[in-house]
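So the structure is just underneath, and the comments pick up after that.
Chain A is the first sequence line, chain B the second, and so forth, proteins listed ahead of strands; every chain is numbered from 1.
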Amino acid sequence: MSDYKDGVKMSENKESLNFIEQIITDDLKEGKNDGRVHTRFPPEPNGYLHIGHAKSICLNFGLSQTFQGKCNLRFDDTNPVKEDVEYVDSIREDVHWLGFDWEDREFFASDYFEKLYQMAVKLIQKGKAYVCECSPEQIREFRGTPTVPGKESPYRNRPVEESLDLFQRMRAGEFEDGKYLLRAKIDMASPNMHMRDPIIYRIRHTHHHRTGDAWCIYPMYDFAHGLSDYIEGITHSVCTLEFEVHRPLYDWFLDQLAEANSRPRQIEFARLNMTYTIMSKRKLLQLVEQNHVDSWDDPRMPTISGLRRRGYTPDSIRKFAERIGVAKRENIIDVSLLEFSIREDLNKKANRAMAVLNPLKMVITNYPEGEQEILEAINNPEKPEEGKRKVPFSREIYIERDDFMEDPPKKFFRLAPGREVRLKYAYIIKCEDVVKDENGEIVEIRCTYDPTTKSGTGCKKKVKSTIHWVNAPTAIDAEVRLFDRLFLNENPDVAEDGKDFTSNINSDSLNILEHCKLEPSLNGAASGQGFQFERLGYFCVDSKLSSPESPVFNRTVTLKDSWAKINKK
RNA sequence: UGCCCGAUGGUGUAAUGGCAGCACGACAGUUUUUGGUACUGUUUGUCUAGGUUCGAGUCCUGGUCGGGCAACCA
């Protein structure tokens, strides 16, 4: 069951509010913003969205749902050299897929370029901004350091008229990149670096993915972001912790330029970090460009598109976001919590099927040759309404190589010479013989079956283990891709001296198995459709590589495996 | 050595001056034709030193530790 119904968060069994919900509740009590709650999700279209963005999306859209407000999608596209429409498209798709709807409120910071320009003009007129001619080196030098105050620019007291004229000519394209800058006139001695006459416009003769060549000056984040919030009537501007020191500047622009009585309020929360995972767009881009992964939607990537292709459901990701909570403390979430969330979801939703990844041929010597019978299998024990399906059975089947041991340790319950196990939905069989090739490798197991132990006939006989299998003559051949963590260490961001994070990459994160055997009901499974392969894990049809003629499945996540633990001891 | 922020079990997150709870993990058990699921139980925590108070995880002061801030990035 989804936790969302009619767009309203249903899990109101939670009795405590996170600190942002608390702030909004208090604001509402004080009658701020005429009782409105309006948030926004503001990605820069310079990369694909990842699980950290999912936290922010769930937060912002979730806030609008719990307070019956609105949430905008706004592309923060003020730096044309890094941005692209490819990213815009993927962001739209990913937010929708997660289950959120911004209705007709899709905006771009670039929509406001004219308004922002006019606001900048107003700032100059008020004597609160000036056109500066410092070089990048001079800017750096004059800025000072956190412990040393900055020095004022020689252009700081340029007459208003002159700044106005220059700014207008900057826009008109009279100057080359870097020749002039527009800066806010605040305080070069401020203990907050961001208040030391920050740059608000720079010249960049670059084609913009939306405005084309209409502009050659572009506003900086601090100027554009808060004012875009203001223009859209945002009430609560939620962002991550690193923007905390920007807040005084955010408020300063509003103090100078806001006229309406409703003003946005910036609130910062701690971004998501996850073990064995990299969460920076820049580094994710590097993984793609250096071919450490195939693409942004490689199933090993922590991107939303990667998780989707891996077999994660929107519900599982939203549940995960709810579980990890929202606070201001730096955090590192164990990736096993994400895995728990998808197992929990798929356990209830995914139909079961039998598949053998590493096939070992078994011949049931006392089963009549050439005969086949049809057995019934339960589609989902958690959902009886899913009913049953037919599974063929005959003299020759495949079992999992791991389910047989010639010389088993004490706690191994599965098949071994002389031992009995149940074949799921079929019969109890006994291993009579092991056939090996000239290298001593086991190539076939010969068994006998007990016809009185057929499943569903009320057989009382108990065996220690039930194993899955696939009927050999009707088996579908498939490729199955197993994934391991992309990084070897818990915190891949920190690498050994002199090395970058790519030195932590797990070179063995992709394991492609050919000629896996699937039960025939899996024929025609839809792209992206998820299944539980009994005893193995959750798998889905790969949306890019699979075809009806040669199916490809991705393993989303294994089942919890207590045997693996016992085996390790 | 400036400014800002933070600190609750292994990992997260609640407790709004009044019994430190929940989830995940770990461990043990019950059920089971998935060594899955479900269920039960166990385990481990308020950074530190003072202060205010009948009472402090919560308020105050000092310290310690961690994070952020010096792109014409966002």
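Residue contacts for A/Leu559: at a heavy-atom cut-off of 4.0 Å it reaches a base atom on one of the strands shown. Using a 4.0 Å heavy-atom cutoff across all strands shown, A/Asp561 reaches sugar-phosphate atoms only and no base atom. Note on A/Val148: nothing from the nucleic acid sits closer than 4.0 angstrom, heavy atoms only. Residue contacts for A/Thr145: at a heavy-atom cut-off of 4.0 Å it reaches a base atom on one of the strands shown. Among the protein residues, A/Leu181 comes within range of the nucleic acid bases, having at least one heavy atom under 4.0 Å from a base atom. Nucleic acid contact class of A/Gln22 (heavy atoms, under 4.0 Å, all strands): base. Across all strands shown, A/Arg414 has heavy atoms under 4.0 Å from base atoms, whether or not it also approaches the sugar-phosphate. At the heavy-atom level, A/Arg422 lies under 4.0 Å from base atoms of the strands shown. Heavy atoms of A/Cys134 sit under 4.0 angstrom from at least one base atom.
Between A/Phe413 and A/Trp563, the distance from one ring center to the other does not fall under 6.0 angstrom.
A/Thr78 is not listed as a side-chain neighbour of A/His225, based on a closest heavy-atom distance of 4.5 Å or more. At least one side-chain heavy atom of A/Ser153 sits less than 4.5 Å from a side-chain heavy atom of A/Arg183.
For A/Glu268 against B/rG68, a side-chain-to-base donor-acceptor contact under 3.5 Å is absent.
Contact annotation: A/Ser16 side-chain N/O to B/rU16 OP1/OP2 distance is not under 4.0 Å.
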